[in-house]
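What follows is one structure encoded as structure tokens, with my remarks underneath.
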Amino acid sequence: MAACREVEEPSSFGDEYFPLVSGAYWVYQIDSLVYDDFSGSQTTVSGQQKIHIVENSNENTSENRYYAEISYRKDSSSKWKYHRDIVFSKNEFRATIMDKNEETMLLLFPIKDRVSWDANQLNTKGEDRYRYIAKESWRSELFSSLKNPIFVEQEIDSSLIDADIRWEVYEQNKGLVEKRTISTETQFGKTKGFDSHWKLVEYVQP
């Protein structure tokens, strides 16, 4: 019940769950398991991703738009390697990410439990409904240790044939702190797919 109240009664409309400040950066530990029962292979891949906001846009629009760079490294002792650019946007109604020329709506404002939206309404892909749902927070390892988190269900669908599980957790004044993506396919009692888990390990805001 406490978790539901946190989602249903935020201190503001929710923009603090998606902080955008030039110079800020997030570092995520990403651990992924790729497996294939058909071939008997199983591979664990680990690394870190850095999202660094490099500048805000000078465009005269109603949205706060910021350019960011994504970099990767194998571990904390390795050097960062630039990968690609993305663009974050935020206004009083939504927070979005532009990645590879495709804009996705990550959050809808105001934040309220069980409210849903089409994350693809700003692009040409098919409907993909996200929703705030506190009851699914048990899936998160970090949720109970956070002060004011929200749980975003992107897809939770599983059967005897396949599974598509995607969700994110956001924290006030930090943004995305945890993310999970599971995609599997089962045939003749054998399964192949992957399981990817993100955790925020460092957040710096100037």
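What you are looking at is a predicted structure, and each value in this text was computed from that prediction instead of being measured.
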Checking side chain to side chain contact (heavy atoms under 4.5 Å, CB included) for the pair Leu122/Arg94: CA distance, chi angles, key distance, verdict? CA-CA 11 Å; Leu122 300 176; Arg94 64 194 179 218; 3.9 Å; yes
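- Side-chain heavy atoms closer than 4.5 Å link hydrophobic residues (I, L, V, M, F, W, Y) into clusters, and following such links, possibly through other members, connects Leu20 to Tyr170.
- In this structure, CD on Gln48 lies 6.0 Å from OG on Ser76, to the nearest 0.5 angstrom.
- Looking only at atom types and distance, the side chain of Glu171 has no donor-acceptor partner in the side chain of Asn173 under 3.5 Å away.
- A distance of 9.5 Å separates CD in Gln187 from CG in Asp162, rounded to the nearest 0.5 Å.
- Here the shortest heavy-atom pairing between Pro206 and Ser22 reads CG-O, 3.2 Å.
- A donor-acceptor pair under 3.5 Å is formed between the side chain of Ser145 and the backbone N or O of Leu142.
- The shortest distance between side-chain heavy atoms of Lys192 and Asp37 does not fall below 4.5 Å.
- Rounded to the nearest 0.5 angstrom, Tyr67 OH and Ser89 OG are separated by 8.5 Å.
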Stepwise side chain to side chain donor-acceptor pair (under 3.5 Å) test for Ser116 and Arg129: CA-CA 6 Å; Ser116 68; Arg129 299 210 68 82; 3.3 Å; yes
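- With respect to Arg73 and Asp75, no salt bridge is recorded, no charged nitrogen being found less than 4.0 Å from a carboxylate O.
- Between Tyr35 and Thr191 the shortest side-chain heavy-atom distance falls below 4.5 Å.
- Within the 4.5 Å cutoff, the side chain of Trp198 has no heavy atoms near those of the Glu168 side chain.
- For the pair Glu153 and Arg131, the salt-bridge criterion is met [side-chain N within less than 4.0 Å of a carboxylate O].
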Can Arg65 and Val87 be said to form a side chain to side chain contact (heavy atoms under 4.5 Å, CB included), step by step? CA-CA 7 Å; Arg65 188 177 295 266; Val87 180; 3.4 Å; yes
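- Of all heavy-atom pairs between Glu141 and Glu178, the closest is N-OE2, 3.2 Å.
- In this structure, Ile161 and Thr186 have side chains that are not in contact, with every pair of non-hydrogen atoms separated by 4.5 Å or more.
- Atom NZ of Lys174 has 12 or fewer neighbouring heavy atoms from other residues, nucleotides or ligands inside a 6.0 Å radius.
- When hydrophobic residues (I, L, V, M, F, W, Y) are linked wherever their side-chain heavy atoms come within less than 4.5 Å, the members clustered with Val201 are Tyr25, Val27, Trp80, Val204.
- In plain terms, the two heavy atoms of Ala68 and Ile51 that are nearest each other are CB-CG2, 4.2 Å.
- A 4.5 Å side-chain heavy-atom check between Arg166 and Asp128 finds at least one atom pair inside the cut-off.
- A distance of 5.5 Å separates CD1 in Ile30 from OH in Tyr72, rounded to the nearest 0.5 Å.
- Although no hydrogens or angles enter the test, the distance criterion places no donor-acceptor pair under 3.5 Å between the side chain of Asp164 and the main chain of Asp157.
- Here the closest non-hydrogen pair linking Lys90 and Phe109 is CG-CE1, 4.0 Å.
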Test ring-ring contact (aromatic ring centres under 6.0 Å, His included) applied to Tyr132 and Trp117, step by step: CA-CA 9 Å; Tyr132 301 118; Trp117 66 97; 4.8 Å; yes
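- Looking at heavy atoms from C-beta onward, Gln49 lies out of side-chain contact with His83 at the 4.5 angstrom threshold.
- Considering all non-hydrogen atoms of both residues, Glu127 and Asn120 come closest at C-ND2, 4.3 Å.
- Between atom CG of residue Asp36 and atom OG of residue Ser41 there is a gap of 4.5 Å, rounded to the nearest 0.5 Å.
- Ile133 and Leu146 fall within the same hydrophobic cluster, defined by Ile, Leu, Val, Met, Phe, Trp and Tyr side-chain heavy atoms under 4.5 Å apart, directly or through other members.
- Following chains of ILVMFWY side-chain contacts shorter than 4.5 Å, one cannot reach Tyr28 starting from Phe194, and the two form parts of different hydrophobic clusters.
- Contact detail for Asn148 and Tyr17: the closest heavy-atom pair is O-OH, 2.8 Å.
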Apply ring-ring contact (aromatic ring centres under 6.0 Å, His included) to the pair Phe88 and Phe18, showing each step before the final yes or no. CA-CA 9 Å; Phe88 291 120; Phe18 204 80; 5.6 Å; yes
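- Atom CG in Leu108 sits 10.0 Å away from atom CZ in Phe93 (nearest 0.5 Å).
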Gln29 and Ser46: CA distance, side-chain angles, deciding distance, side chain to side chain contact (heavy atoms under 4.5 Å, CB included) verdict: CA-CA 7 Å; Gln29 176 65 37; Ser46 296; 3.9 Å; yes
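- Each of Tyr82 and Ile86 belongs to its own hydrophobic cluster when Ile, Leu, Val, Met, Phe, Trp and Tyr are linked at side-chain heavy-atom distances under 4.5 angstrom.
- At a threshold of 4.5 Å between non-hydrogen side-chain atoms, the residues Trp167 and Arg139 count as touching.
- In this structure the side chain of Val177 never reaches within 4.5 angstrom of the side chain of Lys199, judged on heavy atoms.
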Using atom types as modelled, flag every donor-acceptor pair under 3.5 Å from a side chain in residues 97-106 to any protein atom, sequence neighbours excluded.
unit_1	atom_1	unit_2	atom_2	d
Asp99	OD1	Arg84	NE	2.9
Asp99	OD2	Arg84	NH2	2.9
Glu103	OE2	Thr96	OG1	2.8

